[in-house]
2 protein chains.
Amino acid sequence: MSERTGFQLDFRSGEPIYEQIVDEIRRRITGGQLRPGDQLPTVRQMALELRVNFNTVARAYRILDEAGIISTQQGRGTYILEADDAQAMQRLRAVTLEDLAEDFVREAKRLGFSLAETEQMFCNLVNRLKKDSGSS
Amino acid sequence: MSERTGFQLDFRSGEPIYEQIVDEIRRRITGGQLRPGDQLPTVRQMALELRVNFNTVARAYRILDEAGIISTQQGRGTYILEADDAQAMQRLRAVTLEDLAEDFVREAKRLGFSLAETEQMFCNLVNRLKKDSGSS
DNA sequence: CATACAATGATACATTGATACAATTTGAAA
DNA sequence: TTTCAAATTGTATCAATGTATCATTGTATG
């Protein structure tokens, strides 16, 4: 008995599979069949049901995760988030980059680091990241 | 009241849980909230508080143990170690600050800011702070 | 026909969870 | 005091889960 979701995919519709999965999950949350806290099937379980590669399911999950609708965690699984969380995420996006930078400097200062130390460490890190992205 | 540590984990940050635990302990040692000789909660206690698997806490402890920062002993528990020498303490401070910088960059990236934007914002802030301290 | 690009598949990997185990402490009985 | 079983604590191993990277396929587009 692996018929757990009852998802119906249309392989001929032209709409990408991962998008159909995203839409269907959205519909089920809106309709109340899926509720906050519910665990979704693992990417491999759902892929097995839908006769699809699990990467395709993973792609759908990732999109929903970035939208703040579900939470995917490596080694744990994926869960429906509270609607509040999505709103909270929206509010968090309103946090400016300046706020983040100030938090960083403030926390460093609290731990006893001088501004010069903090600046140097940050610049070192940035230079390292620039190199890594360029060498790929 | 099992709220003993007050650790705040972010399950959606993308930073692995065990790494968040490692970072937080490093910060508390650097900041002086944790001192040599202090006993950390058992892996199971802390796991209960943080709602994670105790293996995840054990992994964090093992990393800190291998770094010579804490001492974990089967059957006894885990304790904060005395820094071997000034160099070890310097290394801990450096790593702590580096973690802080990485968190900053990661969070900025998660909010959609490019590395260049993040760098510029930070440098602007630093320059402003330098001026302010000079004009006082 | 060739090329570019998006979608999907294959594979290796990192993180977390479940379970059994070993070392140490504790406490009661002898 | 000694002994020893039970509880407590960290360790080791493997399974389960999502992630990252690249290859393959199919489909527009020139």
Side-chain angles (χ1 to χ4, degrees), chain A residues 2 4-5 7 9-25 38-81 129 132-136, chain B residues 2 4-5 7 9-25 38-81 102 106 109-110:
Chain A
S2 57
R4 298 194 56 240
T5 65
F7 276 32
L9 295 182
D10 183 352
F11 290 92
R12 279 164 292 179
S13 73
E15 183 184 18
I17 302 301
Y18 72 90
E19 208 173 306
Q20 291 185 44
I21 297 173
V22 167
D23 291 346
E24 182 61 25
I25 293 176
D38 286 355
Q39 179 170 19
L40 289 173
T42 70
V43 292
R44 287 171 177 83
Q45 279 177 346
M46 178 167 281
L48 202 62
E49 281 185 40
L50 304 182
R51 313 279 183 153
V52 165
N53 189 277
F54 74 83
N55 290 289
T56 304
V57 179
R59 183 170 179 181
Y61 282 7
R62 184 168 52 78
I63 290 174
L64 290 165
D65 182 276
E66 288 171 353
I69 295 173
I70 67 177
S71 166
T72 70
Q73 293 163 43
Q74 195 166 345
R76 292 189 128 187
T78 76
Y79 299 83
I80 309 289
L81 283 179
L129 291 176
D132 288 355
S133 73
S135 72
S136 68
Chain B
S2 55
R4 299 194 57 240
T5 65
F7 277 32
L9 295 182
D10 182 353
F11 291 93
R12 305 202 53 217
S13 74
E15 184 182 18
I17 302 301
Y18 74 90
E19 205 174 308
Q20 291 186 44
I21 297 172
V22 167
D23 291 352
E24 183 61 26
I25 292 176
D38 285 354
Q39 179 170 19
L40 290 172
T42 70
V43 291
R44 287 171 178 83
Q45 279 177 345
M46 179 167 280
L48 203 63
E49 278 184 44
L50 304 182
R51 313 274 187 150
V52 300
N53 191 275
F54 73 84
N55 290 289
T56 303
V57 179
R59 183 170 179 180
Y61 283 7
R62 183 168 53 78
I63 290 174
L64 291 165
D65 182 275
E66 288 170 352
I69 295 172
I70 68 176
S71 165
T72 69
Q73 293 171 272
Q74 198 165 341
R76 283 186 45 82
T78 77
Y79 299 83
I80 310 289
L81 281 181
E102 285 171 351
R106 178 185 304 110
K109 183 177 180 183
R110 180 154 72 116

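So you know, we letter chains A, B, ... as the sequences are listed, proteins then strands, and number each from 1. Fair warning: this is a prediction, and the values are worked out from it, not measured in the lab.
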5' precedence on DNA chain D between Thr42(A) and Asn55(A) (nearest-nucleotide basis)
Thr42(A)
Distance in angstrom units between Tyr18(A) OH and dT8(C) P, rounded
7 Å
Quick one, Leu50(A) and Ile17(A) - any side-chain contact, counting heavy atoms below 4.5 Å?
no
Does anyone know the first and last nucleotide of DNA chain D in reach of chain B, 5' to 3', at under 4.0 angstrom to a heavy atom?
dT9(D) to dA12(D)
Shortest non-hydrogen separation from Thr72(A) to Asp65(A) and the atoms involved:
N-OD2, 2.9 Å
Would you mind reporting whether Ile21(B) and Leu9(B) have side-chain heavy atoms less than 4.5 Å apart?
yes
Is there a side-chain polar atom (N or O) of Arg76(A) under 4.0 Å from OP1 or OP2 of dT16(C)?
no
Ile25(A) side chain reached by Phe7(A) side chain, heavy atoms, under 4.5 Å
yes
Using 4.0 Å as the upper bound for N to carboxylate O, is an ion pair formed by Arg106(B) and Asp10(B)?
no
May I have the distance from Ile17(A) (atom CD1) to dA6(C) (atom C1'), rounded to whole angstrom?
13 Å
Here the distance between atom C1' of dA14(C) and atom CD of Glu15(B), to the nearest Å, is 14 Å
On a heavy-atom basis, the closest approach of Gln39(B) and Arg76(B) is NE2-O, 3.8 Å
Looking only at heavy atoms, what is the nearest atom pair of Met46(B) and Thr5(B), with distance?
CE-CG2, 3.8 Å
Name the nucleic acid region contacted by Arg62(B), choosing base, sugar-phosphate or nothing; use a 4.0 angstrom heavy-atom cut-off, strictly under.
nothing
Do any of residues 66-74 of chain B sit with a heavy atom less than 4.0 Å from DNA chain D, and if so which?
Thr72(B), Gln73(B), Gln74(B)
Please report, rounded to the nearest Å, how far the C1' atom of dT16(C) is from the CG atom of Asn53(B).
7 Å
For Arg44(B) and for Thr56(B), find the nucleotide of DNA chain C with the closest heavy atom, then tell me which residue's nucleotide is more 5'.
Thr56(B)
Round to the nearest Å and state the distance from Phe54(A) atom CZ to dA7(C) atom P.
19 Å
Send over the distance from Ile63(A) CD1 to dA6(C) C1', rounded to a whole Å.
12 Å
How far apart are the closest heavy atoms of Ser13(A) and Gln20(A), and which atoms are they?
OG-NE2, 3.3 Å
Between P on dG17(C) and CG on Leu48(B), what's the gap in Å once rounded to a whole number?
13 Å
Which atoms form the tightest heavy-atom contact between Leu81(A) and Ser71(A), and what is the distance?
CD2-CB, 3.7 Å
Rounded to whole angstroms, how far apart are CD on Gln39(A) and P on dG17(C)?
11 Å
